[in-house]
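First comes the structure, then the notes that go with it.
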Amino acid sequence: MSELSKAYEPQAVEAKWYAAWLEGKCFEADPASEKPAYSIVIPPPNVTGILHLGHVLNNAIQDILARRARQTGHEVLWLPGTDHAGIATQAKVERELRENEKLTRRDLGRDEFLKRVWAFKDKHGNIIINQLKRLGCSCDWSRERFTMDEAYTRWVSHVFVELFKKGLIYRGKRMVNWCPVSLTALSDEEVIMTPRKSKLYFMKYELTDAPGEFLEISTTRPETLMGDVAVAVNPKDPRYAKYVGRTVFRPFPHAAIPVIADDHVDIEFGTGALKITPAHDKADFEIGLKHGLEIIDTLTPDGHMNCPECPDLHGLERFVARKKAAAKLEEMGLLIKVEEYDNNVGYSERGGVPIEPRISMQWFLKYPKVQEAADAVANGDIKFRPERWAKTYAHWMENLQDWCISRQLWWGHQIPVWYRKDKLDALKNAESLDMQDFASGDIHVGVEAPADGDNWVRDEDVMDTWFSSWLWPFATMAGVGEETATLKKFYPTSDLVTGPDIIFFWVARMIMAGFEFKDELPFRNVYFTAIIRDLKGRKMSKSLGNSPDPIDLMEKYGADGLRFGLMRIAPVGSDVRFDESQVEEGRNFANKLYNACRFRQMAGEIEYPESESDDDHEVVGMANCFHLDILAKLDQLTVDLDKAYGDYRFGEIAARLYEFLWNEFCDKFLEAVKGDLRETATPEARAVTLSVFDTVMSRYLQLLHPYMPHVTEELSQRMGFLNEDEFLMQADLPEEPVLAGLLAEDIATEQGKAAAIYETAGRLRNLKAEYNVASRRDVKFIIKGAVDWFDAERPILALLTGAGEIEVDSAYAAPKGTPVSLTPVGEIYLPLEGLIDVEAERVRLTREIGKLEQELARSEAKLGNESFVARAPAEVVAQEKARLEEWRGKLKQLGEMLSGLG
RNA sequence: GCGCGCUUAGCUCAGUGGUAGAGCACAUCCUUCACACGGAUGGGGUCGCAGGUUCGAACCCUGCAGCGCGCACCA
């Protein structure tokens, strides 16, 4: 054992042990193991992403689960990896290209561009992985996966082909969410509804058959006016019944368009007349279909006006065009008014701009195994924690729309569909393609390219990133059609830990994929983490600058400190507000632990007076009430943690670990037994105390290890708690309670004594503080009417209270005004020349009596209530009675003391 | 609009029927030989509001308010 510095310095220690664990292959899962399996697959972070606090919380929880599972005798696989994150990654590379070389991806061409993305991935791809390592994550890095690995890509293609063969995947021209920045379609889940202050424009269209008569219409999007093909009113609306079937003039380009009736129109909203633009609104599109209306697309993919008939608007950006269109209406005298209006606008999750409903050719998936997936959660085969998310899940599962899986990107898994070159134009422009088209031999759908490749052109689109992520739990363990030992042993996985924000994106889809492709649920428990917000309750984001860099926090407080601090405040249910002071607490806690061990180390080796044995039970035979108390509390902690882990109550576990070490072990136990380590103590006392310390600490370090892996490993090693070449992280938790051989009754008696002494110490310190002698160590207390076992504990009580001596004197006649306290072990006086102050003591006693009387009155009232006595459980009544008696006795004593003052 | 959640000490949060809790912050004292990233003591809350159930409610029920989050085609 080497010298320990005064304060714990985590940085070097953490790096050292992480390297040692890797070296020792501690994280590698052995499929051949006899042990029961425990597995988690990591929610793969974006390959080029960087760690944020959400990742820290999420991965700390997974690491805790993994480490705990190892300790409880499981063979653990925590499978790590990264996600190619199509849009996000491609956008980063495109931005770099634009800024550095003033080039677009089209300037480079697909192959060259993809080379760049791979290069970018190679350069940045390890950042987040290294950050996870810094955090202490015990992932099996030998099994690290990437969603665009060759084998994984094969899975994605295979799944596409299979679903296609089942008729679940189809291609068609549909209204989709279009991102004008990323220039791709998006799924409904990638659209974020955001409240916006916008304007509602009221305008009027002239009736073609009645010049001078107008139909008033309201819209938020006057720039789409050129795409209008009708005006709709509600058939039940009496105001407009006379217009239905007639035509009005669309102002520009000037044309007559019909007035139609449709239930969809809300009579109450605006003027109650709705302009119909099938090309640029989902609802209008539906109405257009119903009424057989023309579709006029007036926008380019990147959100500019495409309407050569209106040269003054043509080519304008859509929001510029909106103002221009409104101005134009005003010029024409057709704009009635503009109102401020709050509405929700769909934003592109990645592009950050309003999405554009757009008709385009896309691939869609009808979700498979919906019923099985919904049932699995409803019937508890898959358990959500907190449970309420199951409802959100169920609701989504009931309202599934087909999933738009194609993306007009280059970075991703390309759709495994080829078209015959000579038929390409016809196939590409078809409104939709049905099975007949595919049966024609002009189209090839397969994992492999057609043999005569030169005659074919592959579909240019790639798949939604989530179309690869949903295969993650099994595609990471085995290739297509492969039965690896890993898959056999570790699939289905045990727990999934993720944020509730991706319950639809990922969790729900994985469940469906699990049933579809493996005939089994992919995991048994899903733990939804809290979302970390700043102190003002805002979401952490780069643009707000309110997101602390976890690496900085780890530099400052250590990975263990960060983990512990975060876990302590991470509630089960809702969001968590991040406060750096919590992390500071985590560091302080590590330091406290470290110093407790330092204290032990300074005491040196145990020299057993009689035998060489260091058997726990032999030691227990010599133990006093403080030893037994802490050992019993350790056993209790062990039991409590077991239960809390079963309920995934991570915050409670952290709180219990904290409280045990700080309050029970350091503040009480260590202070009580300090005397045993002094020169004056007997060798027996010293041996038993050191032995109990070691027993408790070695076990405690193990219990704490999942939360603070580095410092616990360090201390266990340094303190010599482990055998040679053994790691704490690999040691099984002992199954036997420390006090297994003792009677519960005896333990309770001893614990009662310890509790009485601790409480007494508190009262005496209080007394000292009240009389401003808190720091004096030479004061003498005199105890009167001590309980029979008290004498043996005298020196310890003196130690705990910082008193010179505690004298037992049953005949003590206190001078008037001597400060006194009623304690569980007797009446204790603090006689000190300057302190004897009758008035002060009268005030103090009166105050105490006042408090007591209040309690007493409440208790008497309660027991005086017949209904309470008759209906409350017997033990509650008995408890209340006991309390009443105790207070009465005390009150009487205090009363006597007060009257004794004269 | 529908659904879900939250509201407890200045702050962050525990607390699912029996005398309101922790950590931080605050005040006073202590650099005493594990730790000032520390020790001791103390002040501070009619548990969002209003009803109801109960012998008894922070906790169960109803309504209301405020905040947050989902879902939804109100242009």
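Chain naming here is simple, since letters A, B, ... match the order of the sequence lines and numbering starts at 1 in each.
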Before accepting this row, confirm whether a basic side-chain N of the pair [X]/[Y] lies closer than 4.0 Å to the acidic partner's carboxylate O.
{"X": "Arg656(A)", "Y": "Glu652(A)", "result": "no"}
{"X": "Glu189(A)", "Y": "Arg509(A)", "result": "yes"}
{"X": "Glu216(A)", "Y": "Lys337(A)", "result": "no"}
{"X": "Glu286(A)", "Y": "Lys282(A)", "result": "no"}

Using a heavy-atom cut-off of under 4.0 Å over every strand shown, decide if [X] touches base, sugar-phosphate, or nothing.
{"X": "Arg587(A)", "value": "base"}
{"X": "Phe202(A)", "value": "nothing"}
{"X": "Ala655(A)", "value": "nothing"}
{"X": "Pro873(A)", "value": "base"}
{"X": "Val265(A)", "value": "base"}

In 5'-to-3' order, the base (B), backbone-only (S) or no-contact (-) status of each nucleotide in nucleotides 22-36 of chain B, using a 4.0 angstrom heavy-atom cut-off, is -SS-----S-B-BB-
Given [options], which nucleotide is nearest the side-chain atoms of [X]?
{"X": "Arg883(A)", "options": "rU41(B), rU19(B), rA75(B)", "value": "rU19(B)"}
{"X": "Thr219(A)", "options": "rA75(B), rU19(B), rG5(B)", "value": "rA75(B)"}
{"X": "Phe269(A)", "options": "rG38(B), rC4(B), rC74(B)", "value": "rC74(B)"}

Using purine N1 to pyrimidine N3 plus N6-O4 or O6-N4 for Watson-Crick, or N1-O2 and O6-N3 for G-U wobble, each under 3.5 Å, what pairs with [N]?
{"N": "rC29(B)", "result": "rG39(B)"}
{"N": "rA14(B)", "result": "none"}
{"N": "rU19(B)", "result": "none"}
{"N": "rG56(B)", "result": "none"}
{"N": "rU46(B)", "result": "none"}
{"N": "rG70(B)", "result": "rC2(B)"}
{"N": "rG51(B)", "result": "rC61(B)"}

Distance test, side-chain N/O of [X] to OP1/OP2 of [N], below 4.0 Å:
{"X": "Arg649(A)", "N": "rG15(B)", "value": "yes"}
{"X": "Asn766(A)", "N": "rA40(B)", "value": "no"}
{"X": "Tyr341(A)", "N": "rA75(B)", "value": "yes"}

Test: Lys592(A) cationic atom under 6.0 Å from Tyr658(A) six-membered ring centre, within 45° of axis | no
Hey, what's the ring geometry for Trp389(A) with Phe528(A), parallel, tilted or perpendicular (30° and 60° as the breaks)?
-> tilted
Measure the spacing between CD1 of Ile757(A) and CZ of Phe626(A) and express it to the nearest 0.5 Å.
-> 5.0 Å
How long is the span from the CG atom in Asp402(A) to the CG atom in Asp188(A), to the nearest 0.5 Å?
-> 10.0 Å
Run the numbers on Tyr594(A) and Glu714(A) for side-chain hydrogen bond (donor to acceptor under 3.5 Å, both in side chains), then give the verdict.
-> CA-CA 9 Å; Tyr594(A) 169 87; Glu714(A) 164 78 3; over 6 Å; no
Nearest-Å distance, [atom1] ([X]) to [atom2] ([N])?
{"X": "Met203(A)", "N": "rA75(B)", "atom1": "CE", "atom2": "P", "result": "14 Å"}
{"X": "Met193(A)", "N": "rC2(B)", "atom1": "CE", "atom2": "P", "result": "18 Å"}
{"X": "Gln879(A)", "N": "rG17(B)", "atom1": "CD", "atom2": "C1'", "result": "14 Å"}
{"X": "Ile287(A)", "N": "rC74(B)", "atom1": "CD1", "atom2": "C1'", "result": "11 Å"}
{"X": "Met397(A)", "N": "rC71(B)", "atom1": "CE", "atom2": "P", "result": "15 Å"}
{"X": "Glu580(A)", "N": "rC11(B)", "atom1": "CD", "atom2": "C1'", "result": "15 Å"}
{"X": "Lys668(A)", "N": "rA40(B)", "atom1": "NZ", "atom2": "P", "result": "11 Å"}
{"X": "Arg847(A)", "N": "rU41(B)", "atom1": "CZ", "atom2": "P", "result": "16 Å"}

Only one of Arg883(A), Lys881(A), Glu880(A) clears side chain to side chain donor-acceptor pair (under 3.5 Å) with Ser859(A); which?
-> Glu880(A)
Rounding to an integer number of angstrom, what distance separates [N] and [M] when you compare their [atom1] atoms?
{"N": "rU8(B)", "M": "rA14(B)", "atom1": "P", "value": "11 Å"}
{"N": "rG15(B)", "M": "rA20(B)", "atom1": "C1'", "value": "9 Å"}
{"N": "rA57(B)", "M": "rG42(B)", "atom1": "P", "value": "30 Å"}
{"N": "rA25(B)", "M": "rC11(B)", "atom1": "P", "value": "15 Å"}
{"N": "rC35(B)", "M": "rA40(B)", "atom1": "P", "value": "14 Å"}
{"N": "rC60(B)", "M": "rG17(B)", "atom1": "P", "value": "9 Å"}
{"N": "rC33(B)", "M": "rU16(B)", "atom1": "C1'", "value": "48 Å"}
{"N": "rA22(B)", "M": "rG44(B)", "atom1": "C1'", "value": "15 Å"}

Distances under 3.5 Å only, N/O to N/O: pair up the protein atoms with those of nucleotides 43-48 of chain B.
none

Taking the nucleotide of RNA chain B with the closest heavy atom to each, which residue, Glu9(A) or Asn344(A), is nearer the 5' end?
-> Glu9(A)
Where is the tightest heavy-atom contact between Ala273(A) and Tyr240(A), given as atom of each residue plus distance?
-> N-CE1, 4.3 Å
Check: Lys768(A) side chain, Arg776(A) main-chain N or O, donor-acceptor pair, under 3.5 Å = yes
Among residues two or more places apart or on two chains, list those pairs meeting salt bridge (charged side-chain N to carboxylate O under 4.0 Å, His left out) that have a residue in residues 266-276 of chain A.
-> Asp228(A)-Lys275(A)
